[in-house]
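We count ligands from 1, going down the list as the structure has it; atoms in each ligand are counted the same way.
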Amino acid sequence: MEKQFNAGERIPAKGYAVHSKDGKFQSFNFTRHPMGENDIVIDILYAGICHSDIHSARSEWHEGIYPMVPGHEIAGRVIAVGNKVSKFKVGDYAGVGCMVNSCGECEACKRSQEQFCERGQCVFTYNNLDCFHNNEPTYGGYSNNIVLSEKFAIKVPENAQIEKVAPLLCAGITTYSPLKFSNIKEGSVVGVAGFGGLGSMAVKYAIKMGAKVSVFARNENKKEEALKMGAKNLYVALENVEEKFDLIISTIPTQYDIKPYLKLLKYGGEFAIVGLPPVDVTPEVSATELVYNAGKKVYGSLIGGIKETQEMLDFSIKHQIYPEIELIKADEIDKAYENLTTGKAKFRYVIDMKK
Ligand code: NDP
Ligand code: ZN
């Protein structure tokens, strides 16, 4: 399976791109930067579809860079390694999440919080300009391969259920990280608002950490699945909820009202925001509202650093915590996007890149 790439040779790639914010996916040939001495090349087997891909492809946060090949939930096999690579060898499984590089020298990078690189050099996997490679645009995982610094690739053991690994690289870490940050443990009471790709992972991790978990959704369509995962309740109407929570994680990707959630927190309870609705409908909390909810904390959380991502991956495989997935073919991406925005999707679509 090893592939040879000559020094300085750009790497040919084939992926699926949108060419405008209302475009459909089309196959797209492009090249990636040459493999450097610390880089690896991964043959992509599976790519998850995150709701962030939809926000990005549709320019819902800011104007996107087109053509855009989304995808930051990547699982595959290493097919080439630069001569200074030590973490991987050809044939290993590897995963890639939202980042492919950063300065490595600032305080944030030294703490392995690369997503907050203080020099602004965190390079996101797609829809970003790569300052380490002449500011060329980055292209994500809806493609046959990717080249990146080994430091940003996550080791995936051979016994992993590889078709389910990709979503861990974003949905997994983005929910694992705030659960850790808020110190969730045996007996904690956790609420998860938005029960899709991220929400379902939050439920699974929180339960594994010993928490009593409830789901907040806008209908009862997935109540059975929630209870089967071990959640105690699925609430649709917040007014009737009597429990008080140590932590509520919001993964909601659309407009919603934060205030009723704050009311459900215990004294000292925390509201962690990971969902990123389009800018024009982003929810707001006023200073007054915060004072009326004194003694509670509201914070945002952005994916997680590379060290914590490896920790999450090892935790997931050890405890067999995997996403609920539906495998699709590349020509079904448009349909998957539609389902994810019209309430027809269940949890995570994963593109089988060999199809
Ligand atoms: P999904 O589409 O898989 O899941 C979203 C879920 O939220 C769906 O089940 C949807 O239900 C539900 N929902 C929508 N509106 C409401 C509402 N008002 N109340 C309760 N539930 C609601 O998305 P993902 O899980 O992939 O992503 C979620 C969000 O997290 C996105 O905005 C994404 O961009 C963001 N994100 C943030 C990251 C970070 O680092 N902070 C990293 C990754 C993603 P329904 O089926 O009814 O539509
Ligand atoms: Zn994501």
Checklist entry - Could you give all pairs that pass the side chain to side chain donor-acceptor pair (under 3.5 Å) test and reach residues 182-195, with sequence neighbours left out? => result Ser182-Glu270, Ser182-Tyr299
Where ligand 1 meets [X] - atom numbers and elements under 4.0 angstrom, heavy-atom basis:
X: Thr254; value: 14 (C), 15 (N), 16 (C)
X: Cys170; value: 42 (C), 43 (C)
X: Ile303; value: 39 (C), 40 (O)
X: Lys222; value: 9 (O)
X: Ser52; value: 33 (C), 34 (O), 35 (C), 36 (N), 43 (C), 44 (C)
X: Val274; value: 30 (O), 35 (C), 36 (N), 37 (C), 38 (C), 39 (C), 41 (N)
X: Leu340; value: 2 (O), 3 (O)
X: Trp61; value: 34 (O)

Next on the checklist: For a distance under 2.8 Å, give residue and atom name for each protein N, O or S atom next to the Zn ion (ligand 2).
Outcome noted: Cys50 SG, His72 NE2, Cys170 SG
Checklist entry - Between atom CD of Gln4 and atom CD1 of Ile79, what is the distance when rounded to the nearest 0.5 Å? => result 10.5 Å
Item to check | Nearest-0.5 Å distance that lies between atom SG in Cys98 and atom CD1 in Ile173 | outcome: 9.5 Å
Next on the checklist: Please list all pairs meeting salt bridge (Lys or Arg N to Asp or Glu O under 4.0 Å) that have one or both residues in residues 307-327, counting only residues at least two apart or in different chains.
Outcome noted: Lys204-Glu324
Is there a donor-acceptor contact under 3.5 Å from the side chain of [X] to the main chain of [Y]?
X: Asp334; Y: Lys24; value: no
X: Thr309; Y: Leu169; value: no
X: Thr138; Y: Phe124; value: yes
X: Arg218; Y: Val236; value: no

Next on the checklist: Checking the N or O distance criterion of under 3.5 Å, is ligand 1 in contact with Leu276?
Outcome noted: yes
Considering non-hydrogen atoms of the protein only, which is the closest contact for [atom], and what is the distance?
atom: atom 28 (C) of ligand 1; result: Thr251 O, 3.0 Å
atom: atom 11 (O) of ligand 1; result: Arg218 NE, 4.0 Å
atom: atom 21 (N) of ligand 1; result: Gly194 CA, 3.6 Å

Checklist entry - Is atom 43 (C) of ligand 1 in close reach of the protein, with a heavy atom under 4.0 Å away? => result yes
Item to check | Qualifying residues under salt bridge (Lys or Arg N to Asp or Glu O under 4.0 Å), relative to Arg119, sequence neighbours excluded | outcome: Glu105
For [atom], the option (of [options]) bearing the nearest heavy atom:
atom: atom 3 (O) of ligand 1; options: Gly197, Pro283, Gly343; value: Gly197
atom: atom 6 (C) of ligand 1; options: Gly196, Ala193, Pro178; value: Gly196
atom: atom 41 (N) of ligand 1; options: Pro323, Gly199, Ser301; value: Ser301
atom: atom 17 (C) of ligand 1; options: Ile252, Asn219, Ile173; value: Ile252

At a 4.0 Å cut-off, with the gap strictly under it, does some heavy atom of [X] reach an atom of ligand 1?
X: Lys344; value: no
X: Cys50; value: yes
X: Tyr349; value: no
X: Arg348; value: yes

Item to check | Cationic N near anionic O, under 4.0 Å, Asp43 to Arg77 | outcome: no
Next on the checklist: Taking the basic N atoms (NZ, or NE/NH1/NH2) and the acidic carboxylate oxygens, is any pair closer than 4.0 Å for Asp257 and Lys259?
Outcome noted: yes
Next on the checklist: Tell me if the aromatic rings of Tyr176 and Tyr205 count as close, with their centers under 6.0 Å from one another.
Outcome noted: yes
Next on the checklist: Counting the benzene-type ring for Trp, do Tyr126 and Tyr139 have ring centres under 6.0 Å apart?
Outcome noted: no
Next on the checklist: Under a plain distance cut-off of 3.5 Å, with no hydrogens placed, do Asn233 and Glu243 share a side-chain donor-acceptor pair?
Outcome noted: yes
Next on the checklist: Taking the cut-offs as 6.0 angstrom to the six-membered ring centre and 45 degrees off its axis, would you call Lys296 and Tyr267 a cation-pi pair?
Outcome noted: no
Checklist entry - Looking at Phe347, is Lys222 sitting on its ring face, NZ or CZ under 6.0 Å from the six-membered ring centre and within 45 degrees of the normal? => result yes
